[in-house]
Enquirer: 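To start, I am sharing the structure in question, which I have written as structure tokens.
All values below were derived from every heavy atom in this structure, side-chain atoms included, with hydrogens, water molecules and symmetry-related copies excluded. If you're wondering where the values come from, they're calculated on a predicted model, not measured in any experiment.
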Amino acid sequence: KPRWKQSVVTYRITEYTTQLSQREVDSTIAKAFQLYSDVIPVDFKQIFSGTADIMILFKGGDHGDFYPFDGPNGVLAHANSPGPEQGGDTHFDDDEKWSLSSHNINLLLVAAHEFGHALGLDHSRDSSALMYPTYRYVSTNAYTLPRDDRLGVQALYG
Ligand SMILES: CC(C)C[C@H](C(=O)NO)C(=O)N[C@@H](CC(N)=O)C(=O)NCc1cccc(N)c1
Ligand SMILES: [Zn+2]
């Protein structure tokens, strides 16, 4: 199973959504990565120029890969598994209504799910898992990785 070999993984947000402030997006993305760096010996560092391991963008429809997005709902985002070039790259469908709350689509939960893929996790059959295929809002106050996801990522990086 592919995984990052280095202990510091860089990321860069090249295109932002207009639905939240850049500060809100940066802090939510950082929080989503922190869920993983809290349980595995990998740190995540945001860079603001050049090529990062994980390139992140918000865009609707066609966005430069072979998997154009599909408008509101349906596919919310996708991420490549670890590796060179497009490995780890994470795309958010900007036709979704992104939020920091329980209304519409909560960015923290979707970002945390996508970064699971970007770290090498597949979907889980455990309905309480973050890596369960379908989105379901849960409170994000003091949110930590559900057990299934923590065990999965620790098996890869522990
Ligand atoms: C075949 C994949 C490209 C589907 C895509 C996905 O799994 N991305 O990681 C996706 O956006 N799936 C939707 C399925 C859906 N519309 O219910 C989803 O909610 N995935 C993200 C997600 C976010 C947070 C929690 C969970 N469990 C799932
Ligand atoms: Zn997924």
Side-chain angles (χ1 to χ4, degrees), residues 2-4 6 8-38 40 42-124 129-146 149 152-153:
R3 49 157 283 190
W4 299 101
Q6 67 267 41
V8 177
V9 172
T10 57
Y11 67 93
R12 179 180 168 205
I13 304 168
T14 56
E15 293 187 61
Y16 284 80
T17 176
T18 54
Q19 303 174 57
L20 299 165
S21 71
Q22 285 198 15
R23 191 192 303 255
E24 286 172 323
V25 173
D26 285 352
S27 72
T28 304
I29 294 293
K31 260 189 221 154
F33 278 119
Q34 179 97 43
L35 295 169
Y36 293 98
S37 56
D38 283 349
I40 57 175
V42 178
D43 277 322
F44 299 95
K45 189 174 178 330
Q46 183 177 14
I47 63 175
F48 299 87
S49 67
T51 303
D53 298 311
I54 298 178
M55 299 290 270
I56 296 169
L57 61 79
F58 290 75
K59 208 156 169 62
D62 199 2
H63 53 279
D65 64 18
F66 289 105
Y67 307 97
F69 284 128
D70 54 0
N73 301 314
V75 173
L76 307 175
H78 54 222
N80 296 328
S81 44
E85 309 295 326
Q86 278 70 29
D89 291 2
T90 302
H91 302 153
F92 295 91
D93 184 349
D94 207 24
D95 288 330
E96 309 303 337
K97 293 186 177 57
W98 296 108
S99 88
L100 306 182
S101 72
S102 61
H103 306 289
N104 300 319
I105 307 291
N106 183 276
L107 179 60
L108 178 67
L109 292 173
V110 177
H113 174 94
E114 297 311 324
F115 298 155
H117 290 309
L119 282 165
L121 294 184
D122 296 319
H123 283 153
S124 168
L130 176 61
M131 296 313 292
Y132 191 66
T134 50
Y135 173 84
R136 185 173 46 81
Y137 179 75
V138 292
S139 166
T140 56
N141 300 328
Y143 184 78
T144 55
L145 275 193
D149 310 287
V153 77

Enquirer: What pairs with Gln46 under side chain to side chain contact (heavy atoms under 4.5 Å, CB included), at least two apart in sequence or on another chain?
Expert: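 By the side chain to side chain contact (heavy atoms under 4.5 Å, CB included) rule, Gln46 matches Tyr11, Ile13, Tyr16, Asp26, Phe48.
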Enquirer: NE2/His103 to OH/Tyr137 distance, rounded to the nearest 0.5 angstrom?
Expert: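 The distance works out to 8.5 Å.
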Enquirer: Could you pull out all residues at least two apart from Ser27 that satisfy side chain to side chain contact (heavy atoms under 4.5 Å, CB included)?
Expert: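 Once residues adjacent in sequence are excluded, Ser27 has no partner under the side chain to side chain contact (heavy atoms under 4.5 Å, CB included) criterion.
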Enquirer: Could you give the side-chain donor-acceptor pairs of residues 104-112 under 3.5 Å, partners two or more places apart or in another chain?
Expert:
from   : atom 1 : to     : atom 2 : distance (Å)
Asn106 : OD1    : Leu108 : N      : 3.1
Asn106 : OD1    : Leu109 : N      : 3.0
Asn106 : ND2    : Ser101 : O      : 3.1

Enquirer: Using the side chain to side chain donor-acceptor pair (under 3.5 Å) criterion, which residues pair with Gln22? Sequence neighbours excluded.
Expert: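 Gln22 satisfies side chain to side chain donor-acceptor pair (under 3.5 Å) with no other residue.
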Enquirer: Quick one: which residue pairs count as a salt bridge (Lys or Arg N to Asp or Glu O under 4.0 Å) with a foot in residues 96-118, not counting sequence neighbours?
Expert: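 Not a single pair qualifies under salt bridge (Lys or Arg N to Asp or Glu O under 4.0 Å).
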Enquirer: Could you walk me through whether Lys45 and Arg12 pass side chain to side chain contact (heavy atoms under 4.5 Å, CB included), step by step?
Expert: CA-CA 9 Å; Lys45 189 174 178 330; Arg12 179 180 168 205; over 6 Å; no
Enquirer: For the pair Ser21 (side chain) and Glu24 (backbone), establish whether a donor and an acceptor sit closer than 3.5 Å, ignoring hydrogens and angles.
Expert: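 Flag set: sc Ser21 to bb Glu24 pair under 3.5 Å.
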Enquirer: Any chance you could measure Leu130, atom CG, to Ser124, atom OG, to the nearest 0.5 Å?
Expert: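 Output value for this atom pair is 9.5 Å.
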Enquirer: Among side-chain atoms of Asp94 and Thr17, is any donor-acceptor pair under 3.5 angstrom?
Expert: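 Per modelled atom types, Asp94 and Thr17 side chains form a pair under 3.5 Å.
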Enquirer: Would you indicate whether Glu85, at its atom CD, is surrounded by more than 12 heavy atoms from other residues, nucleotides or ligands within a distance under 6.0 Å?
Expert: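 No, CD of Glu85 has 12 or fewer neighbouring heavy atoms, counting only those of other groups under 6.0 Å.
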Enquirer: Verify, without hydrogens or angle tests, whether Trp98 (side chain) and Thr18 (backbone) share a donor-acceptor contact under 3.5 angstrom.
Expert: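 Between the backbone of Thr18 and the side chain of Trp98 there is no qualifying donor-acceptor contact (under 3.5 Å).
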Enquirer: Name all residues meeting the side chain to side chain donor-acceptor pair (under 3.5 Å) criterion together with Thr10; count only those two or more places apart in sequence or in a different chain, and write none if there are none.
Expert: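 Checked Thr10 against side chain to side chain donor-acceptor pair (under 3.5 Å); matches are Asp53.
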Enquirer: Looking at every non-hydrogen atom in both residues, tell me the closest pair between Leu20 and Ser99 and how far apart they are.
Expert: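 Closest approach of Leu20 to Ser99, heavy atoms only: CD2-CA, 4.5 Å.
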Enquirer: With sequence neighbours left out, what residues match Phe69 under ring pair (Phe, Tyr, Trp, His ring centres under 6.0 Å)?
Expert: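 Only His63, His78 meet the ring pair (Phe, Tyr, Trp, His ring centres under 6.0 Å) criterion with Phe69.
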Enquirer: Mind checking what makes side chain to side chain contact (heavy atoms under 4.5 Å, CB included) contact with Asp95, not counting sequence neighbours?
Expert: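 Only Pro72, Asp93 meet the side chain to side chain contact (heavy atoms under 4.5 Å, CB included) criterion with Asp95.
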Enquirer: Please examine the side chains of Val42 and Tyr36, heavy atoms only from C-beta on, and report whether any two atoms are closer than 4.5 Å.
Expert: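 Answer no - side chains too far apart.
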Enquirer: Can you list everything that forms a ring pair (Phe, Tyr, Trp, His ring centres under 6.0 Å) with Tyr132? Sequence neighbours excluded, please.
Expert: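 Per chain and number, Tyr132 pairs via ring pair (Phe, Tyr, Trp, His ring centres under 6.0 Å) with no residue.
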Enquirer: Run the ring pair (Phe, Tyr, Trp, His ring centres under 6.0 Å) test against Phe115 and tell me which residues pass, sequence neighbours left out.
Expert: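 Phe115 satisfies ring pair (Phe, Tyr, Trp, His ring centres under 6.0 Å) with Phe33 only.
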Enquirer: Rounded to the nearest 0.5 Å, what separation is found between the CG atom of Leu35 and the CG atom of Asp149?
Expert: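 Separation between the atoms: 10.0 Å.
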Enquirer: Would you say that Val8 contacts Phe44 through its side chain, given a criterion of any heavy-atom pair below 4.5 Å between the two side chains?
Expert: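 No, too far: nothing below the 4.5 Å cut-off.
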Enquirer: Give a yes or no on whether Tyr67 atom OH has more than 12 heavy-atom contacts from other residues, nucleotides or ligands under 6.0 Å away.
Expert: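 No, not enclosed.
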Enquirer: Minimum heavy-atom separation for Thr90 and Ala118, please, with both atom names.
Expert: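 What the structure gives for the nearest pair is OG1-CB, 4.0 Å.
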Enquirer: Taking Leu145 as the fixed residue, which of Asp38, Ile40, Val153 is the one that meets the side-chain contact (heavy atoms from CB on, under 4.5 Å) rule?
Expert: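 So, applying the side-chain contact (heavy atoms from CB on, under 4.5 Å) to Leu145 and each of Asp38, Ile40, Val153, only Val153 qualifies.
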Enquirer: For side chain to side chain contact (heavy atoms under 4.5 Å, CB included), just list the numbers for Ile56 and Ile29, CA-CA rounded to whole Å, side-chain angles, deciding distance to a tenth of an Å, and then say yes or no.
Expert: CA-CA 10 Å; Ile56 296 169; Ile29 294 293; 4.1 Å; yes
Enquirer: Decide yes or no on side chain to side chain contact (heavy atoms under 4.5 Å, CB included) for Leu57 and Phe92, but give the supporting numbers first.
Expert: CA-CA 6 Å; Leu57 61 79; Phe92 295 91; over 6 Å; no
Enquirer: For residues 54-75, which residue pairs qualify under salt bridge (Lys or Arg N to Asp or Glu O under 4.0 Å), counting only residues two or more places apart or in two chains?
Expert: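 Those involving residues 54-75 are Glu15-Lys59.
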Enquirer: Please tell me if the side chains of His117 and His123 come closer than 4.5 Å, counting only heavy atoms from C-beta onward.
Expert: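 The answer is yes; the side chains approach within 4.5 Å.
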Enquirer: Just jot down the side chain to side chain contact (heavy atoms under 4.5 Å, CB included) partners of Asn80, sequence neighbours excluded, or say none.
Expert: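 So Asn80 forms a side chain to side chain contact (heavy atoms under 4.5 Å, CB included) with Gln86, Asp89.
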